Amino acid sequence: MNKIIFHNVRDCNLEHIFKCGQCFRWETLDNEFPKIEHKDKSQKDIQRYVGIANKNIAIVEYNVATKDLTIIGNGSEEFWYKYFDLHRDYGKIKNTLISNDATIAEAINFGYGIRILNQDLWETILSFIISQNNNIPRIKGCINNLSLYFGEEIPESKKIGELLNADFKAYSLPNPETVAGLEIEDLNPIRLGYRAKYIIKCARQVSEQGLPKTYEELLALTGVGPKVANCIALFGLSKRESFPIDVWVRRVMNHVYGLPEDDFKAISEFAASNFGTLGGYAQQYLFYYMRENSKNL
C-alpha cells in the first residue's frame with residue numbers, strides 16, 4: 001500500500017465532495033467505524049473517509065488546519081491527483097461564477113469544499129443508471145451488492161481492514177463483459193427493479209460498441225436519458241459544462257432564480273447563458289446547497 005500526501009490542497013472538504021451526489025462508494029470513518037479513537041485533540045480537524053475508486057481502495061484524510069490531503073491505499077500518486085482534480089484552481093472557478101452571477105454566492109460559500117471527481121466512465125454509467133428514481137442509501141446498497149456478487153475482491157482491502165481494526169472486504173464493480181453475460185434473474189438478489197434490464201442491455205451495447213465518448217453516444221445507451229447522460233458526462237467524461245437537472249436542481253433554480261420547476265428548457269438555457277463552461281461546478285454547488293438546506297428553505 002502507498003501513503004501519498006498532497007500538501008496545501010485548498011478549496012477542499014471531504015464531506016462536501018462525497019455528499020454532493022457525484023459518487024456512492026465512500027463512507028465517513030467516524031460513522032462507519034466509531035471504535036477508531038482520535039489520538040489527540042488536533043485530530044478533530046481531520047476528516048476521514050474510506051472508499052473505492054474503480055479498482056483502487058483507500059483511506060483518505062484531509063487536515064483542515066494544514067490543508068494536507070493524505071491517501072493510504074493502492075493507486076498511484078498520478079491516479080489520485082487526477083481523481084481529486086488537484087490540478088484545477090477552484091478558487092478561480094468560484095470567483096468567476098460569483099462575478100458573473102452574485103446570486104450563486106450563498107450556495108458556493110455553503111459547499112466551498114466541493115471538487116468534482118474524475119471517475120471511471122463505466123463505474124459512472126452503472127452508478128447513475130442505478131440512481132434513477134432512487135435514494136442514496138439504496139443506490140449505495142445496490143452498487144455494493146453488484147460488486148459483491150459479480151465483481152472481484154480488491155486484495156488491498158484486507159490491509160485497509162487491518163488499519164481500521166475491522167472485518168473489511170471491498171470489491172470492484174463488474175466490467176461490461178461480465179454484466180453483458182448476465183440475465184435479469186441473475187440480478188434479482190441485487191434488487192435493482194426495472195433498472196436490471198437497463199444495466200444488462202447497456203452492458204451489451206458497451207461490450208459491442210465500446211465506451212461512449214460524447215453526450216449523444218451516452219443518450220444512445222439503454223436506460224440513459226438527458227439527466228443521467230449529463231451526470232455521466234460531467235463525472236465520467238469530464239465535460240464540465242454539463243448541467244444535470246434533477247428534482248433538487250429544479251427546486252433550487254425555482255427558489256433562487258424564480259424559474260418554473262417543470263420548464264427544463266428554460267433551466268437549461270439559463271444555465272448555459274449564466275454559467276457557460278462552468279455549468280457543472282455551478283450545478284454541484286446549487287444541488288448540494290438545496291438538498292442540505294431543503295428543510296430550512
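Everything numeric in this text was worked out from a predicted model, so none of it was measured.
- Scanning both residues, Asn74 and Trp80, for their nearest heavy atoms gives O-NE1, 3.0 Å.
- The environment of CD in Glu78 is sparse: at most 12 heavy-atom neighbours from other residues, nucleotides or ligands sit within 6.0 Å.
- Legend: side-chain hydrogen bond (donor to acceptor under 3.5 Å, both in side chains) pairs involving residues 207-218, not counting sequence neighbours: none detected.
- For Glu77, the salt bridge (charged side-chain N to carboxylate O under 4.0 Å, His left out) test picks out no residue, with sequence neighbours left out.
- For Glu152, the CD atom sits in a loose shell: 12 or fewer heavy atoms of surrounding residues, nucleotides or ligands are nearer than 6.0 Å.
- Pairs of residues two or more places apart, or lying in two chains, that qualify as side-chain hydrogen bond (donor to acceptor under 3.5 Å, both in side chains) and include a residue from residues 119-133 are Asn133-Tyr194.
- Proximity of the aromatic rings of Phe128 and Phe24 is defined here by a centroid distance below 6.0 angstrom, and this criterion is met.
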Please report the C-alpha distance between Leu14 and Leu69 in whole Å, then the side-chain angles of each, then the deciding distance to 0.1 Å, and finally whether the side-chain contact (heavy atoms from CB on, under 4.5 Å) criterion is met. CA-CA 10 Å; Leu14 296 184; Leu69 180 66; 4.2 Å; yes
Run the numbers on Val50 and Phe168 for side-chain contact (heavy atoms from CB on, under 4.5 Å), then give the verdict. CA-CA 11 Å; Val50 62; Phe168 185 78; 4.0 Å; yes
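- Cluster partners of Tyr112, using a side-chain heavy-atom cutoff of under 4.5 Å among ILVMFWY residues and allowing indirect links: none.
- Distance CG/Leu218 to CG/Leu211: 9.5 Å, rounded to 0.5 Å.
- Partner His16 forms a ring-ring contact (aromatic ring centres under 6.0 Å, His included) with one of Tyr49, Tyr90, Phe287, Tyr288 and no other, that one being Tyr288.
- Between the side chain of Gln205 and the backbone N or O of Ala220 there is at least one donor-acceptor pair closer than 3.5 Å.
- Shown here is Lys227, whose NZ atom has more than 12 heavy atoms of other residues, nucleotides or ligands within 6.0 Å.
- A distance of 13.0 Å separates CZ in Arg195 from CD1 in Ile190, rounded to the nearest 0.5 Å.
- Contacts classified as side-chain hydrogen bond (donor to acceptor under 3.5 Å, both in side chains) and involving residues 230-245 (residues at least two apart or in different chains) are given here: Asp85-Arg240, Asn118-Ser238, Asn118-Arg240, Arg240-Tyr281.
- Between Ile59 and Leu164, the shortest heavy-atom distance links the atoms CD1-CD2, 3.6 Å.
- Under the 4.5 Å side-chain heavy-atom criterion for grouping Ile, Leu, Val, Met, Phe, Trp and Tyr, Leu219 is not connected to Phe235 through any hydrophobic cluster.
- The minimum heavy-atom distance between Ile4 and Gly75, with the atom names listed, is CD1-O, 3.8 Å.
- For Asn63 (side chain) and Ile46 (main-chain N/O), no donor-acceptor pair under 3.5 Å exists by modelled atom type.
- In the hydrophobic cluster analysis, where Ile, Leu, Val, Met, Phe, Trp and Tyr join through side-chain heavy atoms closer than 4.5 angstrom, Tyr81 is grouped together with Trp26.
- Proximity of a side-chain donor or acceptor of Asp101 to a complementary backbone N or O of Leu97 within less than 3.5 Å is not detected.
- Annotation: salt bridge (charged side-chain N to carboxylate O under 4.0 Å, His left out) contacts of Arg204 (sequence neighbours excluded): Glu183.
- Around the NZ atom of Lys158, the shell of radius 6.0 Å holds no more than 12 heavy atoms that belong to other residues, nucleotides or ligands.
- Counted within 6.0 Å of NZ on Lys201, heavy atoms from surrounding residues, nucleotides or ligands total 12 or fewer; the atom is thus considered open.
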Criterion side-chain contact (heavy atoms from CB on, under 4.5 Å) on Thr103 and Asn274, from CA distance to verdict: CA-CA 11 Å; Thr103 310; Asn274 279 42; over 6 Å; no
Mind running side-chain contact (heavy atoms from CB on, under 4.5 Å) on Tyr62 and Arg48 for me, showing each step along the way? CA-CA 7 Å; Tyr62 182 67; Arg48 293 181 176 86; over 6 Å; no
